[in-house]
Amino acid sequence: MSLLEVENLSVWYGPVQALRGISLRVDDGEVVALIGSNGAGKSTTLRTISGLLKPKTGSVRFDGRSIAGRAPHSISRMGIVQVPEGRGIFDNLTVEENLDLGGYLVRNTASLKKSRDHVLALFPILAQRLKQPSGTLSGGEQQMLALARAFLAGPRVLLLDEPSLGLAPQIVQNIFRVLGEINREGTTILLVEQNARLALRLARRAYVLETGQIQAHGPARELAASDAIAKAYLGTSLGNSSENAASSD
Amino acid sequence: MLPTSAGNQPAAAGRRPAGAGGTLSSLGVSVGPLVAAIVLAVVLQFGVPRIVGPYWVRIILEAGIAMMLAVSLNIVNGLTGQFSIGHAGFMALGGYTAGMITYYGSLWLWHSPARHGGFLASGEWMFAAACVAGGLVASVAGYVVGLPSLRLRGDYLAIVTLGFGEILRTLLQQTNKVLGSWEEVRTASIGQLVPPPVGGAVGFSGLPKYTSLFWVYAFLGMTAVAAYRLKRSSTGRAMMALREDEIAAQSVGVNVTRQKVRAFVLSALFAGMAGGLFAHEFGLILTPSDAGFQRSFEYVIMTVLGGRGSISGVMLAATLVTALPEFLRDFEQYRLIVFAVLLIVMMIVRPQGLLGVREIWDFWKRQPRLPDLAPQPQSSRRSASRPDSALLEVDRLSLAFGGLQAVQDFSLRLPAGALYGLIGPNGAGKTTVFNLLTGIYAPDGGKIRLDAQSLVGLRPYQIAAKGIARTFQNVRLHAQLSVLDNVQVAAQLHTSQSLVSTFLRTPGCRRTEEQTVQKAFDLLAFFQLQQRAFEPSGSLSYGHQRHLEILRALATGPRVLLLDEPAAGLNLGEKRDLAHSLRELRDRFGVSILLIDHDMGLVMDVCERIVVLDHGVTIAEGPPDAIRNDPHVIAAYLGEETD
Amino acid sequence: MADFAETLVAAIVIGSLYALIALGYTMVYGILKIINFAHSDVVVWGAWISYVLAQRLLPAFGLDPHHPQTPPPLWMGAVILVVAMLACGLLGLTIERLAYRPLRHAPRLNVLITAIGVSLLLQNVGQLKFVFGAIPERMPALLPAWTFTLPILGQAAGRPVTIDLIDLVICGTAAGLLVALEWLVFHTKLGTAMRAVSFDSETASLLGINVDRVISFTFVLGSMLAAAAGFLHAMKYQGLNQPAHETWVLLGLKGFVAAVVGGIGNVRGAVLGGFAIAFVEQFGAHYASPHFRDVYVFGLLIGILLVRPTGLLGTPAVEKV
């Protein structure tokens with residue numbers, strides 16, 4: 001049994017169908033990437049899993065229990081923690097207060113202190129900025145803060161929505177290095193990412209989304225070598241050049 | 001049929017949609033409904049007292065005044081979607097003004113502040129003129145109160161209107177110190193001009209009681225007809241468009257501030273007249289607390305209960321709110337409790353109000369007939385003004401949000417008749433470029449020129465008038481307006497109608513209306529949307545909404561069309577059709593197109609040149625083939641090769 | 001100078017009351033973006049509940065409930081204050097559950113009409129015979145009628161400047177509550193959650209924060225402060241108008257104006273706004289004309305909004321396109 005199982009999920013925004021019967025699974029300890037172009041339905045999938053959207057049909061099971069239709073806060077209590085697109089930093093709070101909210105549900109102060117020390121070691125820059133209003137952080141620092149905050153919630157599955165969005169390449173490298181580390185320590189990750197190469201290097205398996213449907217899935221290495229990705233990103237009428245792009249790996 | 005293609009204009013003026021014409025157009029101004037209202041008022045004046053007793057006569061009279069106030073408030077709260085909670089202030093101001101006029105007028109003409117003459121005698125005419133004057137004074141206040149809408153939005157504007165009402169209430173309480181008291185009037189000799197008896201907190205007593213069913217319903221009829229004609233005019237359409245989406249309304253040339261201020265002025269005008277009626281009602285005294293926000297709330301309740309924008313709806317609600325407590329009179333203690341509970345329950349179970357945006361007669365009226373239109377030969381592609389130079393020239397445009405450089409040194413030369421693409425990964429700054437070009441953001445530096453005219457510093461509606469139109473990434477239609485209205489509000493950009501001609505529905509006014517309807521239908525035909533013309537645009541499928549948004553932009557008669565992800569959410573077949581349509585509309589309407597889309601296949605297929613943005617910086621520019629093989633572009637999309 | 005000192009004292013006392021009321025408006029607005037017009041009626045209920053409690057408690061000490069011959073023990077006032085605050089907290093909770101929660105995603109105009117409905121309901125239920133009744137009452141004195149001479153101000157003024165015990169109690173109670181609130185909002189996990197929900201409730205829910213519960217708690221907190229303001233107001237002015245009387249409406253309205261002047265949604269702004277309008281009102285009344293005190297208050301409101309559209313400490317709103 002997988003840790004997270006999504007079956008035949010359909011989601012509508014008013015008259016628009018955003019997801020057309022998506023099924024995917026995430027096993028314990030894996031990094032799974034969800035890739036595809038803008039508007040393909042990646043964020044919608046994450047938002048439905050975390051309870052922000054209600055599916056019209058289909059099921060979401062976590063650890064064998066059905067969670068579709070539950071309130072977001074109760075889903076996050078079960079151990080599914082989402083870092084939303086655009087990071088969701090509370091600009092009006094300090095860095096430290098943002099981190100405190102990550103540990104909002106954790107009752108055990110000793111273990112909270114331990115994991116706090118741990119994330120501050122992973123992102124040392126945050127330790128220097130604890131008292132600073134988080135609205136004054138740079139984009140990269142905000143993303144680190146969002147990750148650190150989510151980590152403090154003690155997630156079993158981290159849902160990450162575009163962690164590389166709008167960030168300079170070397171910062172993205174740094175963030176993905178830490179993500180690898182967090183995963184090795186046992187946190188399962190479902191990653192939505194537009195930067196396909198980066199995502200496929202971190203992930204073990206990946207699903208490719210196009211207009212609300214899963215077009216391809218499989219081990220990350222195989223997908224990286226195929227032309228499915230280039231097709232999903234660069235359009236179908238690109239022909240030869242898309243294969244060039246993919247095979248240049 | 002675009003206003004800029006001047007050669008076709010006379011032909012359009014000669015044609016009329018068959019369904020819309022054939023009414024009173026040959027009689028000049030349309031006065032039918034106004035006459036009907038007067039006749040009804042006379043019937044009420046002489047008929048009602050024969051049927052019911054004086055108690056109910058008074059309730060019918062009060063309901064009439066309440067309807068007038070609710071209908072006038074609905075111009076601000078319903079049509080423009082602004083939020084005034086100071087409406088009673090306008091009423092009181094109008095009432096005090098009218099009262100001063102009848103009081104002094106009566107003393108001057110007839111040496112007595114008492115009622116002079118019977119039905120339609122000279123005293124009554126002075127009273128009617130006083131009510132109109134009260135309306136005019138109130139409308140000046142409406143202008144002053146509406147002005148802050150330039151800076152303030154939503155709740156904050158509402159708070160200013162509340163502050164206005166409260167200040168007025170306080171000032172009126174002090175009137176006896178300035179203007180004399182009732183005591184002075186009573187002891188003064190007949191014929192002597194003394195300050196009118198405005199009596200501070202006690203109120204404006206001693207006025208001649210002229211208000212009758214006739215006058216109330218004559219004024220109400222006038223107000224309702226004016227409000228209804230306003231709603232169906234270009235001004236009303238612009239107001240409703242800004243209610244639905246302010247930014248989209250600006251993008252089709254609606255001067256949002258001007259329309260809001262206009263709404264306040266008109267709303268105050270009718271409220272002031274109603275105040276005149278209120279002040280001269282038998283058995284009532286207009287007091288300063290009538291200007292306060294509690295009374296304003298009553299009218300707000302009526303408009304929300306009736307349905308935002310529905311004139312018959314708010315009239316129904318005003319009647320119910322006035323009469324309902326009378327039916328509950330047996331439960332004296334509980335009637336306001338019942339009313340409060342009804343109000344809360346109503347908001348929870350029927351949030352759109354009794355009638356929503358519809359009118360009572362919409363419920364059994366057939367759908368309007370479609371104008372019988374032959375396909376129009378469209379204007380062919382315009383020749384570029386100066387073939388060598390670019391139509392739209394953008395030079396080193398920059399914008400930073402806080403520390404983030406959203407757009408840096410963006411330059412572009414878009415020739416007439418071109419179809420260019422603007423691509424880049426999420427967050428690259430593409431939409432920000434559009435927002436800069438359309439005046440939603442002011443650039444930190446750089447130049448934007450359309451046909452050698454600088455556009456920097458112009459407001460969005462001015463840029464629309466200069467000839468740049470756009471669509472939005474997340475479709476921004478005026479959801480509750482019909483498909484036709486969505487296009488018409490844009491098509492009326494280069495027309496003008498005065499408010500007076502709107503109220504009188506002059507032939508010129510109707511002709512302009514028919515022309516914009518015609519133009520809108522011509523455009524709707526492009527995507528075969530004519531059959532859906534009278535449906536609310538929010539009920540269209542997503543693909544049709546995307547189409548409609550493009551047509552709305554085209555209706556402004558643009559020279560440059562900016563399309564923000566028109567293919568997002570479309571399936572493959574729809575995308576193929578869109579690609580075809582883009583070329584066709586470029587050729588047929590003679591516009592230059594700049595296209596943002598994430599579907600690279602589409603962009604590569606249709607665009608002649610492509611600009612690629614990443615982190616606000618242009619990383620490549622050239623024809624599709626060059627872009628496709630550019631390593632920077634591949635890296636930007638698929639991620640950097642780092643190892 | 002003595003006039004100045006006395007006006008200053010009055011402004012501080014009244015500013016404390018406005019600040020307490022403004023906090024309820026501002027906290028609810030900060031978190032739900034709605035103007036809770038029923039808040040001023042919670043103030044009224046706070047005052048009337050205090051009155052009813054005093055009527056019940058005074059006879060237990062053998063005192064006349066209307067005109068106690070001697071002041072009751074000092075702790076009785078404290079008990080009444082706490083009970084009134086708890087009762088109004090419960091009232092706030094009920095209002096939020098029944099009237100506002102079903103409208104969480106409704107247009108804001110509707111929520112405003114609901115607020116007016118709730119306000120009407122509280123006013124008229126309050127006037128029922130078996131609740132508070134429709135006759136004005138007089139709050140019995142719960143404090144000894146002591147006055148103190150202010151040392152420094154009096155010397156500067158050249159004649160003694162006095163302050164009543166009740167004024168000290170008002171300032172003291174308000175200061176205590178403000179400090180407690182400041183601590184709660186800025187130094188506890190729950191307060192951090194409140195601020196997080198007001199900034200972005202969706203992300204807050206992703207972190208396991210039960211947004212509905214935080215909202216309920218905000219209503220409870222605001223209503224408790226309103227009850228305190230009602231109690232203190234009744235103690236100072238003693239004359240207790242019937243619940244639907246317009247003087248109450250004006251008091252609530254000024255609390256609301258204070259919240260807007262300070263920047264609605266901002267807790268510290270509400271306190272600042274409370275004192276700002278009290279100063280303008282008191283000094284205007286004393287040095288210009290007492291008849292136009294409401295004009296000064298609403299004039300300040302409009303002036304501030306025109307210069308700073310979101311109030312003194314408010315953050316400007318940016319619309320995303």
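Chain naming here is simple, since letters A, B, ... match the order of the sequence lines and numbering starts at 1 in each.
- Applying the 6.0 Å contact sphere to CD of A/Glu7 captures no more than 12 heavy atoms from other residues, nucleotides or ligands.
- Interface remark: A/Asn92 contributes backbone and side-chain atoms alike to the contact with chain C (heavy atom separation under 4.5 Å).
- Considering C/Leu93, C/Thr94, C/Asn36 as possible partners of C/Phe219, the one that fulfils the side chain to side chain contact (heavy atoms under 4.5 Å, CB included) test is C/Asn36.
- Among C/Leu190, C/Leu207, C/Val211, C/Asp200, the residue making the largest number of heavy-atom pairs under 4.5 Å with chain A is C/Leu207.
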Given side-chain contact (heavy atoms from CB on, under 4.5 Å), test C/Met194 with C/Leu221 step by step and report yes or no.
CA-CA 11 Å; C/Met194 281 171 67; C/Leu221 212 56; 4.3 Å; yes
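- For the residue pair A/Ser23 / A/Asn8, no side-chain donor-acceptor distance below 3.5 Å is found, with atom types taken as modelled.
- In this structure, C/Arg104 places its CZ atom where more than 12 heavy-atom neighbours from other residues, nucleotides or ligands lie under 6.0 Å away.
- When heavy atoms are compared at a cutoff of 4.5 Å, A/Leu52 approaches chain C solely by way of its side chain, counted from C-beta outward.
- Contacts between A/Asp91 and chain C at a heavy-atom distance below 4.5 Å involve backbone atoms as well as side-chain atoms.
- For chain C, the nearby part of A/Ile89 is the backbone; its heavy atoms alone come within less than 4.5 Å.
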